Participant: 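Mind having a look at this structure? Questions to follow.
Chain letters run A, B, ... following the sequence lines, proteins first, then strands; residues in each count from 1. For clarity, every value in this text was computed on a predicted model and none was experimentally measured.
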2 protein chains.
Amino acid sequence: MHTGALIIRRDRPRGSGSDDRKLNPMAKSFVTSIDVAERAGVSRSAVSRTFTAGASVSPDVRQRVLKAAQELGYRVNRLAQTLNTSSSNLVGVVGANLSSPFIAKQLDMLSLGLLRRGQQCLLLNAADARSDIAPLIELIFEFRARAIVVLSGEPPASIVDECLANGVKLIVINRLMTRPDTDVILSDDILGARLAAERLLAARCRKVAVVCSGSLTPTQVRRATTFSDVVREHGGAVVRWSEGPTAYETGVAAAHALLADEQIDGAFCVTDLMALGFLDAARHDLQRSVPDDLSVIGFDDIPQSAWKAYDLTTVGQSFSVLTDAVLAALDHDDGEVSTQMVPVTLIERGTVHK
Amino acid sequence: MHTGALIIRRDRPRGSGSDDRKLNPMAKSFVTSIDVAERAGVSRSAVSRTFTAGASVSPDVRQRVLKAAQELGYRVNRLAQTLNTSSSNLVGVVGANLSSPFIAKQLDMLSLGLLRRGQQCLLLNAADARSDIAPLIELIFEFRARAIVVLSGEPPASIVDECLANGVKLIVINRLMTRPDTDVILSDDILGARLAAERLLAARCRKVAVVCSGSLTPTQVRRATTFSDVVREHGGAVVRWSEGPTAYETGVAAAHALLADEQIDGAFCVTDLMALGFLDAARHDLQRSVPDDLSVIGFDDIPQSAWKAYDLTTVGQSFSVLTDAVLAALDHDDGEVSTQMVPVTLIERGTVHK
DNA sequence: AACTCCGTTGCACACGTGTTCAATGTTGCA
DNA sequence: TGCAACATTGAACACGTGTGCAACGGAGTT
């Protein structure tokens with residue numbers, strides 16, 4: 001009879017727990033190094049040194065401290081640690097559409113890589129690709145993160161200045177920054193678009209469609225214009241679509257709108273996700289036969305593109321190379337800046353003729 | 001000519017920046033409230049009060065402080081703030097396979113919900129669904145997070161004890177905890193499996209397959225056994241598969257292995273992702289006609305299941321309800337524990353006969 | 001035996017913030 | 001005018017940690 005959603009059942013198992021691990025039963029706070037020091041009968045410094053690599057502690061004291069810490073369940077307070085040493089292990093990650101396959105895969109590998117390097121990932125979800133990410137980055141500042149990775153959206157110039165002033169590394173993926181003082185990681189859009197165009201031309205396509213989303217990110221624009229230029233250079237005709245979000249449904253809508261023109265015999269979707277929607281609509285709604293009747297190429301090589309129902313020919317960028325590039329940028333010394341280009345390959349599958 | 005991966009181009013734009021915003025040019029650290037206080041000609045307390053809601057500051061001082069803070073680019077240090085007030089806004093999130101659609105969607109909505117509530121998301125990627133998440137949770141302890149959300153894996157009892165002792169809220173999704181002192185959020189697996197079984201029986205399936213992954217999570221086991229029981233009650237035969245990770249490829253492998261038996265006319269895959277692989281292999285590798293020849297039902301209703309190429313009939317759980325349940329659990333008072341059940345619905349699409 | 005050197009140890013400070021407490025100035029009322 | 005009530009302000013403490021510095025003791029060397 002609730003408003004519509006879920007059944008709730010409540011319990012409260014322990015009325016007044018007599019926890020023998022805690023000496024002072026009221027305190028709900030964490031164990032501190034003072035507690036450990038008292039129990040081990042040493043000074044607090046000794047505790048700190050025990051948990052600091054390369055510090056000078058006698059084996060005897062070390063063992064006593066470790067034993068006491070184990071018994072009390074002591075964990076170093078990273079906040080106090082960071083406050084003191086002012087070297088945080090936090091890396092802020094900003095992204096939108098976290099459930100879209102491309103971003104999700106990036107986030108998956110990035111968070112894993114950070115963890116393996118002993119860095120922690122503070123994740124901030126920019127709801128919309130169009131939304132302003134400045135407040136999110138300022139939030140990351142408040143946590144004194146030493147680096148910020150931007151997966152979606154473009155940080156305004158004021159934010160870049162602030163990063164520079166505070167010594168925060170700013171790493172931007174697939175967003176063209178006009179300023180040279182930011183780490184940038186780019187997929188080789190120019191080459192990828194050229195490969196796609198040449199492949200469609202080789203399949204003897206004469207009139208091709210280019211499908212972009214309405215949020216004209218620099219990456220999408222670069223792919224689309226390069227592709228168009230190459231096709232036109234070789235005497236082909238190009239029709240362009242730029243509406244809607246970067247989503248499956250946009251590909252569907254584009255197919256419905258563009259394939260009314262039956263002369264179109266090829267399509268380059270600047271994102272695999274849109275390519276899959278385009279492909280589905282072409283096959284199931286519009287009875288186009290791919291690749292006999294129509295050739296389709298995507299970009300990104302998301303996992304779903306390899307699924308048997310699609311078998312999409314696409315321009316692939318290696319996720320592991322992309323992630324390695326981000327991690328490499330994190331290692332740069334202060335002031336050192338790089339622009340890294342992620343190479344691309346044409347992955348031949350079954351959606352292009354011949 | 002590099003080992004294989006990426007082209008690097010290096011610059012170092014600003015040799016010795018004369019930054020007029022910082023008075024002491026060497027200091028690369030963040031602006032503190034002391035800096036702001038000096039500039040505004042007030043005490044540090046006034047600065048703190050200006051940024052504390054409900055504190056007593058005169059309009060004049062407040063304006064001077066805000067102006068100075070703006071000019072200097074001051075951001076409150078959340079680490080020091082948390083250290084002092086010992087009430088952190090951090091929420092630890094542990095999950096594996098972050099790029100699998102189901103987890104990615106959960107993470108997307110959860111991180112967005114947390115952000116909207118003014119809480120921050122500390123993301124820890126448990127590489128493998130099988131890997132031990134205890135060290136990750138201990139890492140979260142070190143950041144003094146007030147709550148931990150576990151999307152994958154099962155926290156050992158010692159961790160649960162530790163959470164209890166330290167007043168950390170532990171929220172577990174779709175993992176059956178035998179202990180009653182943890183917040184648990186479960187999808188209604190029993191009902192879902194029953195709905196799937198009844199639907200296949202109504203389609204006159206006589207011999208059905210159940211597809212699980214090799215990582216026998218409580219959720220998967222509950223779905224599979226309930227389904228098997230119901231089918232057998234009605235005189236149907238059941239064949240079960242339990243191998244491999246929870247992935248598309250597992251569905252493919254299951255189809256190849258199980259569909260050699262041509263009598264099988266129905267399948268329940270306990271996860272949509274596996275269902276899509278099963279479906280693809282059945283159609284494209286084994287020339288089975290779905291739904292005429294074979295009926296398939298999944299579970300979770302991930303976005304891809306609605307794509308035209310699949311149009312998968314599945315048992316759906318609402319992601320927004322799931323997320324709301326997590327956020328609701330975060331609001332519980334200390335010691336209050338709940339078990340929330342997420343309702344499920346059979347979503348009729350095109351992969352079941354009749 | 002005296003001295004130097006080195007490993008250990010504890011004290012004290014610093015990190016940046018919120019908040020209590022007493023002091024100060026200001027207003028309102030009798 | 002005198003006094004109380006009140007808003008505002010700054011000094012001081014606490015949060016939990018890492019580390020420089022001086023003190024200490026034992027071992028090795030002359």
Participant: Would you indicate which nucleotide in C:dT20, C:dG16, C:dG7 comes nearest to any side-chain atom of B:N84?
Facilitator: C:dG16
Participant: Under 4.0 Å between a side-chain N/O of B:S58 and OP1 or OP2 of D:dT9, yes or no?
Facilitator: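 Checking D:dT9 against B:S58, a side-chain N or O does come within under 4.0 Å of OP1 or OP2.
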Participant: From the options D:dT8, D:dG18, C:dG16, select the nucleotide whose nearest atom is closest to the side chain of A:L83.
Facilitator: C:dG16
Participant: Would you please say whether a donor-acceptor pair under 3.5 Å links the side chains of A:D108 and B:N125?
Facilitator: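 The criterion, which ignores hydrogens and geometry beyond distance, is satisfied for B:N125 and A:D108.
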Participant: If you define the side chain from C-beta out and look only at heavy atoms, does anything of B:S99 sit under 4.5 Å from A:L107?
Facilitator: no
Participant: When you get a sec, tell me which of C:dT19, C:dG18, C:dT8 is the closest nucleotide to the side chain of B:S45?
Facilitator: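 For the B:S45 side chain, the nearest candidate turns out to be C:dT19.
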Participant: Please tell me if A:S33 has a side-chain N or O lying less than 4.0 Å from either OP1 or OP2 of D:dT17.
Facilitator: yes
Participant: Return the nearest nucleotide to the side chain of A:T52; candidates are D:dT19, D:dA7, C:dG7.
Facilitator: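 Of the candidates, D:dT19 comes closest.
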Participant: When all nucleic acid strands are considered with a 4.0 Å heavy-atom cut-off, which category describes B:R49: base, sugar-phosphate, or nothing?
Facilitator: base
Participant: Could you please name the option among C:dT8, D:dG18, C:dG16 that lies closest to any side-chain atom of B:N77?
Facilitator: C:dG16
Participant: May I ask you to check whether over 12 heavy atoms, not counting those of A:R116, lie within 6.0 Å of atom CZ?
Facilitator: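 Incorrect, the count does not exceed 12.
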Participant: With the side chain of B:T32 defined as its heavy atoms from C-beta on, choose the nearest nucleotide among D:dG18, C:dG16, C:dG18.
Facilitator: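 Given the options D:dG18, C:dG16, C:dG18, the side chain of B:T32 is closest to C:dG16.
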